[in-house]
S.K.: 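Take this structure first; my questions come after.
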Amino acid sequence: MDFSVKKLASDAGVFFSRAVQFTQENLGQAEKTELDAHFENLLTRADNTKNWTEKILRQTEVLLQPSPSARVEEFLYEKLDRKIPSRVTTAELLGQYMTEAANDFGPSTPYGQTLIKVGETQKHLGTAERDFIHSSSINFLTPLRNFLEGDWKTISKERRILQNRRLDLDACKARLKKAKAAEAKAAALPDFQETRPRNYILSASASALWSDEVDKAEHELRVAQTEFDRQAEVTRLLLEGISSTHVNHLRCLHEFAEAQATYFAQSYQYMVDLQKQLGSSRAELFPAPVVGNTDPASPPLSTSPPPATLPVLQVASSNPGEVPLNPVEVPPPVSGTRKARVLYDYEAADSKELSLSADELITVYSLPGLDPDWLIGERGNKKGKVPVTYLELLS
């Protein structure tokens, strides 16, 4: 019990001494031991690493899981050391709803068939998104969290210890300075009055007492300096380890970028495949209008105004409806052509097709009997067939 009380009193004294030293330093009333420039640079780099790692971690979590409630739920499961339940992505849920709607409307109807195709694509997109989230969580988020919850906590702990050792060192320096000043004052003003020999004895005793205090303060200063140097070296080694942390995070960043690139590449391929499927279905459901049909017995398909389409060039032929062998050789119409912006690069498969470059503008028009998935495109003195899915028709 006595030992505990003494230790408590000693700890309280040390804490009070540090508090006094810290306050006096902030008020400019005490000297402060400065760290070398290299050490200060290590501290600054460590702080920047911690701050930016936190921001990158939080924003990546928002990217992978935009829902705040879902992120809170995952955080609680993680803190409780329980497995996070599997969650359906929004794309997978949309695909499920589309499939159920198709079964309700009739999977053999055109609308039902299209719902099934789009729904399956949405499910594939959801699966790719789930794989991307899982890969990013393991290969990118986990190393960042391990740094913040492991290495950084160790660094922070050692920095606090170093701060306390520095306060102890500066407090010892201050006590030694005061002891030496008192010793010098006692030695410089002794009382040598012969009529009062007792005062001389007291003055000599005070000088000896302050000499003992100086010796004690010097011993405490040596001990404090040794502890400070030892702790500074430990902290320096941990701070220099930030370089290894950067190398590890660099590797994780490459893996995150590769996972994201794979996800977007898969998504793009799924959408291209869907676009081809929908293009074929559209050609079957909405065939190209027949040009020059004047048969009065043929009733109109609909009383509503026809949708806007590209002008179809009339081509003279011995057999009506016959497509020229080489539509590229047919001259363009005088009026009615439209501009189109190229969405993707396209490499011509033969001399009848026109190669395209993304974002360029070309002139397009149609020909009778031409596949509805194709148009005739012109760029300068070059022309040829171009796929409709690669174009954005402009007004």
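Residue numbers run from 1 in the order of the sequence given. All values reported here derive from a predicted model rather than from experimental measurement.
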S.K.: For the residue pair E92 and E129, establish whether any side-chain heavy-atom pair is separated by less than 4.5 Å.
M.R.: no

S.K.: Do M271 and L125 make a side-chain contact, defined as non-hydrogen atoms from C-beta onward lying under 4.5 Å apart?
M.R.: yes

S.K.: Please tell me whether Q277 and D273 have a donor and an acceptor in their side chains that are separated by less than 3.5 angstrom.
M.R.: no

S.K.: Rounded to the nearest 0.5 Å, what separates atom CD1 in I116 from atom CD in E120?
M.R.: 8.0 Å

S.K.: Under a 4.5 Å cut-off applied to non-hydrogen side-chain atoms, are L144 and L148 in contact?
M.R.: no

S.K.: Would a distance-only check, ignoring hydrogens and angles, find a side-chain to backbone donor-acceptor pair under 3.5 Å from D350 to E353?
M.R.: yes

S.K.: Quick one: do L375 and K385 satisfy side chain to side chain contact (heavy atoms under 4.5 Å, CB included)? Show the steps, please.
M.R.: CA-CA 6 Å; L375 293 173; K385 296 195 302 180; over 6 Å; no

S.K.: When you compare the side chains of Y97 and Q122, does any donor N or O come within less than 3.5 Å of an acceptor on the partner?
M.R.: no

S.K.: Taking only distance into account, with no hydrogens and no angle test, what donor-acceptor pairs under 3.5 Å do side-chain atoms of residues 134-141 form with protein atoms, sequence neighbours excluded?
M.R.:
{"from": "S135", "atom 1": "OG", "to": "N139", "atom 2": "ND2", "distance (Å)": "3.2"}
{"from": "S136", "atom 1": "OG", "to": "F132", "atom 2": "O", "distance (Å)": "2.9"}
{"from": "N139", "atom 1": "ND2", "to": "S135", "atom 2": "O", "distance (Å)": "3.3"}

S.K.: Side chains of T363 and R379 only: does a donor on one sit below 3.5 Å from an acceptor on the other?
M.R.: no

S.K.: In terms of ring plane angle, is the pair H124 and Y270 parallel, tilted or perpendicular, where the classes change at 30° and 60°?
M.R.: parallel

S.K.: Determine whether L94 and V118 make a side-chain contact, defined as any pair of heavy atoms from C-beta on separated by less than 4.5 Å.
M.R.: no

S.K.: To the nearest 0.5 Å, how far apart are CG in L239 and CG in L42?
M.R.: 5.5 Å

S.K.: If you draw a 6.0 Å radius around OH in Y111, do more than 12 non-hydrogen atoms from other residues or ligands fall strictly inside?
M.R.: no

S.K.: Angle class for the F147/H249 ring planes (parallel below 30°, perpendicular above 60°, tilted otherwise)?
M.R.: perpendicular

S.K.: Enter the distance from L63:CG to R58:CZ here, rounded to the nearest 0.5 Å.
M.R.: 15.0 Å

S.K.: Ignoring hydrogens, what is the shortest heavy-atom contact between V386 and G377? Give both atom names and the distance.
M.R.: CG2-N, 4.1 Å

S.K.: With rounding to the nearest 0.5 Å, note down the distance linking OG1 in T99 to CG in L115.
M.R.: 8.5 Å

S.K.: Is there a side-chain contact between T337 and V364 in this structure, where contact means two heavy atoms from C-beta onward sitting under 4.5 Å apart?
M.R.: no

S.K.: Indicate yes or no for a side-chain donor-acceptor contact from S355 to the backbone of A348 under 3.5 Å, with no hydrogens or angles considered.
M.R.: yes

S.K.: What do the steps show when you test L391 against L343 for side chain to side chain contact (heavy atoms under 4.5 Å, CB included), and what is the final call?
M.R.: CA-CA 6 Å; L391 304 175; L343 300 177; 5.9 Å; no

S.K.: Hey, are R251 and N248 close enough side-chain-wise for a donor-acceptor pair under 3.5 Å?
M.R.: yes

S.K.: For Q96 and E100, which I'm curious about, is there any donor-acceptor pair between the side chains at under 3.5 Å?
M.R.: yes

S.K.: Check whether any side-chain heavy atom of E158 lies under 4.5 Å from a side-chain heavy atom of L162, and answer yes or no.
M.R.: no

S.K.: Can you tell if the side chain of T53 reaches within under 4.5 Å of the side chain of T245, non-hydrogen atoms only?
M.R.: no

